[in-house]
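Comments concern the structure below.
Quick note on labels: first sequence line is chain A, next is B, and so on, each numbered from 1. Quantities reported herein were computed from a predicted structural model and do not represent experimental measurements.
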Number of protein chains: 4
Amino acid sequence: MNDDSRMLSWERRTTVPLFVASLLFLTSYAVRVLVHDLSPGWDDLWLLVTAVTWTSFFVDYAVRLVLSGQGLRFVHHHLLDTVVLVLPLLRPLRVVQMYTVLKERQAQARLSLYGRVMAYASVTALLLGFAASLAVYQAERGAPGASIRTFGDAVWWACSTLTTTGYGDVAPVTPRGRVVATVLMACGLALLGAVTGSFSSWLLQVFTREDEEGPSER
Amino acid sequence: MNDDSRMLSWERRTTVPLFVASLLFLTSYAVRVLVHDLSPGWDDLWLLVTAVTWTSFFVDYAVRLVLSGQGLRFVHHHLLDTVVLVLPLLRPLRVVQMYTVLKERQAQARLSLYGRVMAYASVTALLLGFAASLAVYQAERGAPGASIRTFGDAVWWACSTLTTTGYGDVAPVTPRGRVVATVLMACGLALLGAVTGSFSSWLLQVFTREDEEGPSER
Amino acid sequence: MNDDSRMLSWERRTTVPLFVASLLFLTSYAVRVLVHDLSPGWDDLWLLVTAVTWTSFFVDYAVRLVLSGQGLRFVHHHLLDTVVLVLPLLRPLRVVQMYTVLKERQAQARLSLYGRVMAYASVTALLLGFAASLAVYQAERGAPGASIRTFGDAVWWACSTLTTTGYGDVAPVTPRGRVVATVLMACGLALLGAVTGSFSSWLLQVFTREDEEGPSER
Amino acid sequence: MNDDSRMLSWERRTTVPLFVASLLFLTSYAVRVLVHDLSPGWDDLWLLVTAVTWTSFFVDYAVRLVLSGQGLRFVHHHLLDTVVLVLPLLRPLRVVQMYTVLKERQAQARLSLYGRVMAYASVTALLLGFAASLAVYQAERGAPGASIRTFGDAVWWACSTLTTTGYGDVAPVTPRGRVVATVLMACGLALLGAVTGSFSSWLLQVFTREDEEGPSER
């Protein structure tokens, strides 16, 4: 119980800094992928930002590993955290966790249940799509026969992939690009399914409520 | 409460005129995109229709902003309305609201819950698909290397996009066309998900009812 | 009430003959589309089958229109029947109705609720897919630049369309083929959504049941 | 009851050996498809593995057929088993059954209901996707005009098919490859639908729980 409360207190204090660190990590990655003629000084700075933020993720993981007092079982029980530690571009997947902390600061939730699921799944899908666009662009640019040649193409590809439309006018051709694509499909589809499902449930709720309110109005 | 009732009364009175204005806006946009050799007089007329209807949307928004007495919080609470004001081609998304008003005029709803969700989501998806076809056709025609060359191609593209099939035989290549496509995918998928989900629930209901009625018939 | 019972009795007696007529209609259509060098005699025979079965659909519709005593409201209330009358290739959509009649002849239903929804939606989707393959093949063969050149291509296209995969290696290019494709997408998606949704619910049920039975076994 | 208990006891004892046999079957199939220059000795060995494991499936089916004492009705009631017997590459579909047995050996289930559905549907989809990649690769390699030329292409094709994205940059062109593709689409979609649906339900549950716990924390 004591460990648990120290764990909770640690998580409460670190979530927002870690979220800021995630955004910084994503920004530094984006800058280094997208800006071609970075002066050496700036390049070093952004590399430093990448290194520092990634280190902070390791520190947080280590602290929680110790605080939990579970040893290796912690790794097993926090699989998502472990994966996200190695592939920080997947960090957006942890957005739900941050929500819990933020919510306690607000007196009340203003969005309905479905609204919140839609909002958080959408934000996560957007961040994942952005991260995947960057990673695919990095893997594909310069590859012979690539159809993804600009970052705009990569974003367009990510949109058509996340919605499972898959036009195929642009598609990754390198093994690394295809691995990124598979991860995006697997994670993104589940998130988008959550958005669609919640919207559908919300619409049904709206119509049901009208049925119930109808008689009393007349 | 007084403001609320005046708001309600305003919305009740304006919904149908605004819906007609939306259709006029869509029609004038369609004519100006599709009819190539419009005589200057007709062109001016349709431009006027566009201008007048768009203005009426602004007037309605302003009146509701004042009536609500909420100031900037109104913008925050009516995000969909604000978006629709700037991009009137998305107006079909407001169709659900009109339904509430229309329903009060009818004595009873004749469709079941799922039937209504399906009907309204389908109509909204159709109108959105039509608006997106127009916008994509306008963006793509004349672009070098475009695969969407006729309005028929644009409609075909919208159908295969809305259903997430995405053959890719025709696909937008211009940045503006791709932005339109992304909006269509995001909105359309949610709507189509609602249609599919409702149909699935309705089918389950039909089969369940047969189970219950079965024994009593024999 | 009297009209209702005569209506029910009529429907009970005609469903199976009408289903056989539907299959005959589909067969005659298939033969005339697929067999290229039909001798004139056989061609006339199959044309006759088409004509007779189609006429039987009209007779059935007319009898039910009269028995219902509703006049034009019947057309409004039986929209699906009316559509199916004009486009008999959509007949598979009426399969659910036949199920009700068949069920009364069996003492008990042997499939679970989800099983039945899956079975009937699958069968309907299969028949629709077959009918659409035929119609698309008829529209596309001979069209310049068509990618659907054999009936095998058409079946492959129907499979990838029904599952919304949409590879796009084969896709209709003629207006008529694209209209058929749109109908297939719209109807097929809803049916496939029902299959997927029911399977998902059934899987959840299987796992839930194991949870409940688990403790008692140990 | 006696037959039932002997049946249960048989199934309890054979599930794990049969699962190992399935993996061996898949491995031997994979080796023979993927390793091009297998020395005759090794080739014979793997052929033997294929034959022995397949035979073991037949033996198991026969024993259960006799134990059930149902004769031909057993074939009707265990359709999935019968299909899987003839096409052992579909064996992954039986993974759910193995789960029941494994679970009895564990004292408690550690995953939530949705977690288990997701885990088992994912594993089954992965195994099916792998088996389909092998089968499609075997059918397509060497075919004139094939776009699936390496096993990597086949895996990439299976990923984009299972998620219904369907880019179409690689797609089967041979009849056999297309039949495999259709089976993968039909089975895979249902499984992926289960994963997506469960994830969506799980997310809703997470948010609902927070709602309920919220007030008590404050």
Which atom pair, heavy atoms only, marks the closest approach of A:Ser200 to B:Ala194?
OG-CA, 3.6 Å

Chain B contact via A:Ser160 - which portion, at a heavy-atom distance below 4.5 Å:
both

Hey, which residues of residues 163-178 of chain B are touching chain A, say heavy atoms under 4.5 Å apart?
B:Thr164, B:Thr165, B:Gly166, B:Tyr167, B:Gly168, B:Val170, B:Ala171, B:Pro172, B:Arg178

